[in-house]
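These notes concern the structure reproduced below.
These figures come from a predicted structure and were not determined experimentally. Values below: all heavy atoms of this structure, side chains included; hydrogens, waters and symmetry mates excluded. Lettering of chains follows the sequences in order, A, B, ..., and the numbering in each one begins at 1.
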Amino acid sequence: MGEQTAFLYYDPLQTAKDGAKQAVEQALAAAVAAEELPDAVSPAFIVEVPADATHGDLASNAALVSAKAFGMPPRKIAEALVAHFPCAGNFARVEIAGPGFLNIFLSEDWYAGAVQAACEAGEHYGRTKTGEGERVNVEFVSANPTGPMHLGNARGGALGDTLAEALSWAGYDVTREFYTNDAGNQINKFGKSLAARYLQQVKGEDAVPFPEDGYQGGDIKVRAAEFRAKNGAAPAALPGAELEQALVDYALPLNIAAMKADLEKYRIRYDVWFMESALHESGAVQRAVEELKQRGNAYEKEGAVWYKSPNPDEEKDEVLVRANGVPTYFAADIAYHADKFARGFTRLIDVWGADHHGHVARMKGALSAMGLPGEKLDIVLMQFVKLVREGEAVRMSKRTGEAVTLSDLLDEIPVDSARFFFNMREPGSQIELDLGLAVAEDSANPVYYVQYAHARICSILRTLEGEGVRLELADAYKQLALLQTPEERELIRLVAAFPTAVTSAAEGYDPARINQALMALASGFHRFYTACRIKGEAEGLQQARLALCMAAKTVIANGLAMLKVSAPEKM
RNA sequence: GUGCCCGUGGCGCAGCUGGAUAGCGCGAUAGACUCCGACUCUAUAGGUCGCAGGUUCGAAUCCUGUCGGGCAUACCA
């Protein structure tokens with residue numbers, strides 16, 4: 001379709017805002033030229049969508065902010081601006097309101113264009129070229145492979161995956177990455193824990209002490225038992241280190257495979273599974289430490305190598321290599337992020353739990369100390385999840401009595417609900433996940449509310465088609481000016497705002513804005529549906545309204561696709 | 001102690017770079033299907049935006065202080 005390319009990447013709201021800004025600037029220049037306004041520098045003004053639709057589609061504070069610079073009352077300035085405002089194309093008219101706001105009303109052409117754009121771009125509506133040319137690496141979850149994934153990983157997964165999706169829609173070249181901590185201290189601990197459980201199973205519970213800082217989880221016992229079933233009691237005779245290694249070699253691939261399977265069920269697929277061990281084996285960690293030493297940002301003390309930040313605000317130094325010669329997580333992480341830059345990414349995004357916030361400035365600083373662009377690393381900090389059932393906090397899994405895991409959660413609530421709920425709030429706010437609500441099949445459950453709107457639209461299209469009424473887009477586009485009721489106008493505005501919501505979610509690292517846009521759109525659709533009939537209306541209006549339905553359906557389907565939540569045609 | 005995040009009607013939350021009578025959902029109350037899916041919609045009640053100063057034509061939004069909650073402050077990751 002030739003038309004489609006014209007509307008691909010079209011963002012109606014952003015286009016109108018940019019145009020309005022230019023128009024105000026033109027009006028300003030024209031008014032100065034006509035000597036109606038003084039030739040003074042006016043401060044930056046904004047164009048925004050007013051909260052109240054009676055205040056126009058867009059509003060500008062240009063007259064208000066330049067009152068002082070011009071030495072004139074705001075309303076006087078506004079009058080001059082309105083007189084010179086170029087009302088053409090997307091702009092129907094401008095009014096002065098309140099203390100001196102310019103209220104801009106968009107034209108019927110703009111409204112029609114928004115509906116047409118959604119219908120024409122179809123499954124691509126919402127895509128923009130905002131991030132063109134940038135290669136972004138989004139690293140998220142990166143759970144320790146020493147055990148099952150927990151609730152925080154569940155939120156991080158939904159958040160990171162949707163953020164990656166939003167960035168991709170906004171035109172960024174996105175790579176999803178999982179950093180597997182298959183080396184270092186916690187793997188040693190993993191080996192010791194496995195060995196202790198194995199020996200306990202071979203020699204008896206009391207014969208072998210369990211390490212104080214070992215992993216207590218039942219999954220460790222399970223792996224140890226599997227190993228015993230496979231290899232018998234013979235390995236118990238091995239020297240400690242060898243036994244631990246054998247157990248790690250056995251259990252780690254299984255744990256990683258289990259994580260992949262869980263994530264797959266959660267609809268997450270990574271482009272890259274990066275192994276920490278590769279950094280140690282290739283000598284990258286050591287090279288990073290050497291680099292920091294050479295640049296004077298690392299020194300030796302008491303047998304350990306310490307990082308010293310070039311930034312005087314950071315007073316505390318950090319260990320890079322322990323006195324026992326083993327590098328810390330910090331050292332490996334520096335090497336890891338350096339590796340990402342070396343792979344050609346122009347921006348790095350890490351999704352971390354809020355408990356890591358102390359690490360943020362250090363990490364960025366350390367990259368800069370390596371001569372790398374630390375400011376190109378952005379960390380999205382995510383607050384904790386509180387699980388609630390019938391008003392009571394849930395801490396433990398019913399089945400295992402241990403911390404609730406991702407797979408426990410997915411046993412209890414649908415993936416659709418989990419992915420939607422975890423993206424309902426911005427990453428920085430703590431969320432409460434109500435298990436009862438997440439499975440509820442009514443409007444209290446936002447997932448259902450949005451999905452229902454989609455199913456309802458599909459139903460209308462189906463029903464009318466059954467009666468011989470089909471949406472003929474080419475004809476419908478000619479009738480779009482008939483959409484004049486407040487409900488129709490409001491719904492079109494919501495459709496038009498979708499691409500901006502996507503870019504804003506991407507650039508603000510806040511996928512919740514997609515959910516909010518969807519909930520608003522669903523609500524707008526239901527109001528439209530209550531106020532406006534389609535069946536039985538005159539053909540022109542019927543076609544126009546069907547096109548609007550199609551536009552709304554497109555937005556819901558695309559938004560849910562970004563969240564990887566299903567958009568049912570019937571429910 | 002220090003650092004970061006948060007504090008908006010009974011509950012859960014929006015409020016994007018400060019803007020025009022502070023919004024939404026749940027819950028409560030009262031309504032709306034002989035009519036395209038009532039898994040919906042409409043109306044009403046409910047808030048001195050933690051508190052106190054300050055900046056501004058204008059502050060939930062910015063600054064300072066203060067109170068309350070969370071998190072962090074390891075040769076853990």
Side-chain angles (χ1 to χ4, degrees), chain A residues 44 46 48-52 54-55 59 61 64-65 67-68 73-74 97-101 103 142 144 146 181 184-186 189 213 276 301-306 313 315-316 318-324 326-330 332-333 353-361 381 383-384 386 388 391 424-432 434 437 440-446 448-449 451-453 455-464 466-467 469 500-501 504-505 507-508 510 512-513 516 519-520 522-523 525-537 542 545-546 549 570-571:
Chain A
I46 60 164
E48 61 177 356
V49 178
D52 184 341
T54 62
H55 292 146
N61 63 351
L64 290 165
V65 294
K68 195 175 265 179
F101 287 101
N103 289 344
S142 296
N144 266 332
T146 52
N181 302 119
N185 229 23
Q186 81 283 359
K189 235 163 50 173
D213 59 346
E276 181 185 346
K301 190 180 86 181
E302 294 164 5
V305 181
W306 294 74
D313 290 344
E315 289 172 10
K316 266 188 255 173
E318 196 82 4
V319 172
L320 290 165
V321 183
R322 300 181 183 86
N324 64 11
V326 179
T328 59
Y329 170 88
F330 183 44
D333 223 11
D355 54 337
H356 287 60
H357 78 79
H359 193 51
V360 174
L381 288 178
Q383 285 290 341
F384 295 108
K386 191 175 155 194
V388 174
M424 289 229 303
R425 315 251 176 277
E426 59 184 351
S429 66
Q430 282 178 256
I431 52 177
E432 202 168 281
D434 186 322
L437 188 59
E441 304 196 354
D442 57 49
S443 63
N445 183 345
Y448 262 81
Y449 184 77
Q451 288 180 323
Y452 176 65
R456 206 177 194 189
I457 298 171
C458 292
S459 168
I460 298 163
L461 295 170
R462 239 183 352 251
T463 305
L464 290 187
E467 296 178 6
V469 179
T500 300
S504 148
E507 302 200 301
D510 183 9
R513 292 180 198 175
Q516 282 154 18
M519 290 188 276
S523 169
F525 174 76
H526 289 310
R527 276 197 298 273
F528 156 77
Y529 181 86
T530 306
C532 304
R533 291 195 59 79
I534 298 167
K535 208 168 151 179
E537 292 292 342
Q542 198 170 51
R545 285 183 176 165
L546 279 175
C549 286
K570 287 181 184 173
M571 47 197 292

Categorize A:H55 for me: base, sugar-phosphate, or nothing, with a 4.0 angstrom heavy-atom threshold over every strand shown.
base
Could you tell me whether A:A455 contacts a base, only the sugar-phosphate backbone, or nothing, with contacts defined as non-hydrogen atoms closer than 4.0 Å?
base
Upstream residue (5' side of RNA chain B) when A:I534 and A:I46 are each assigned their closest nucleotide:
A:I46
Ignoring the backbone of A:Y452, work out which of B:C36, B:U40, B:G12 is nearest its side chain.
B:U40
In B/S/- notation (B base, S sugar-phosphate only, - none; protein heavy atoms under 4.0 Å), nucleotides 70-77 of chain B written 5' to 3' is SBSS-BSB
If I compare all heavy atoms of A:Y449 with all of A:A522, which pair ends up nearest, and what's the gap?
CE2-CB, 3.7 Å
How is A:A59 classified with respect to the nucleic acid when contacts are heavy atoms under 4.0 Å: base, sugar-phosphate, or nothing?
base
Protein-nucleotide distance (A:R425, atom CZ; B:G25, atom P), rounded to Å:
14 Å
Just by modelled atom types, is the A:L437 backbone N or O under 3.5 Å from a matching donor or acceptor in the A:N445 side chain?
yes
NA contact type, A:T463, heavy-atom cut-off 4.0 Å: base, sugar-phosphate, or nothing?
sugar-phosphate
Out of B:U40, B:U21, B:A20, whichever nucleotide has its closest atom nearest the side chain of A:R456
B:U40
Using a heavy-atom cut-off of under 4.0 Å over every strand shown, decide if A:K68 touches base, sugar-phosphate, or nothing.
sugar-phosphate
Short side-chain to backbone donor-acceptor contact, A:R425 and A:I431, under 3.5 Å
no
Spatial distance of atom CD (A:Q186) from atom CG (A:N144) [nearest 0.5 Å]:
4.5 Å
Have a look at A:C532 and say if it touches a base, only the backbone sugar-phosphate, or nothing, with a 4.0 Å heavy-atom cut-off.
base
Would you confirm whether A:R545, through its side chain, and A:R533, through its main-chain N or O, come within 3.5 Å as a donor-acceptor pair?
yes
Rounded to whole angstroms, how far apart are CZ on A:R533 and C1' on B:U40?
14 Å
Given the rule that a pair is Watson-Crick or G-U wobble with both distances under 3.5 Å, how would you write RNA chain B in dot-bracket, using | for pairs to a different strand?
(((((((..((((.........)))).(((((.......))))).....(((((.......))))))))))))....
Counting the atoms with a prime plus P, OP1 and OP2 as sugar-phosphate, which does A:M571 contact under 4.0 Å by heavy atoms, base, sugar-phosphate, or nothing?
base
Which nucleotide sits closest to the side chain of A:E426: B:U40, B:A14, B:U21?
B:A14
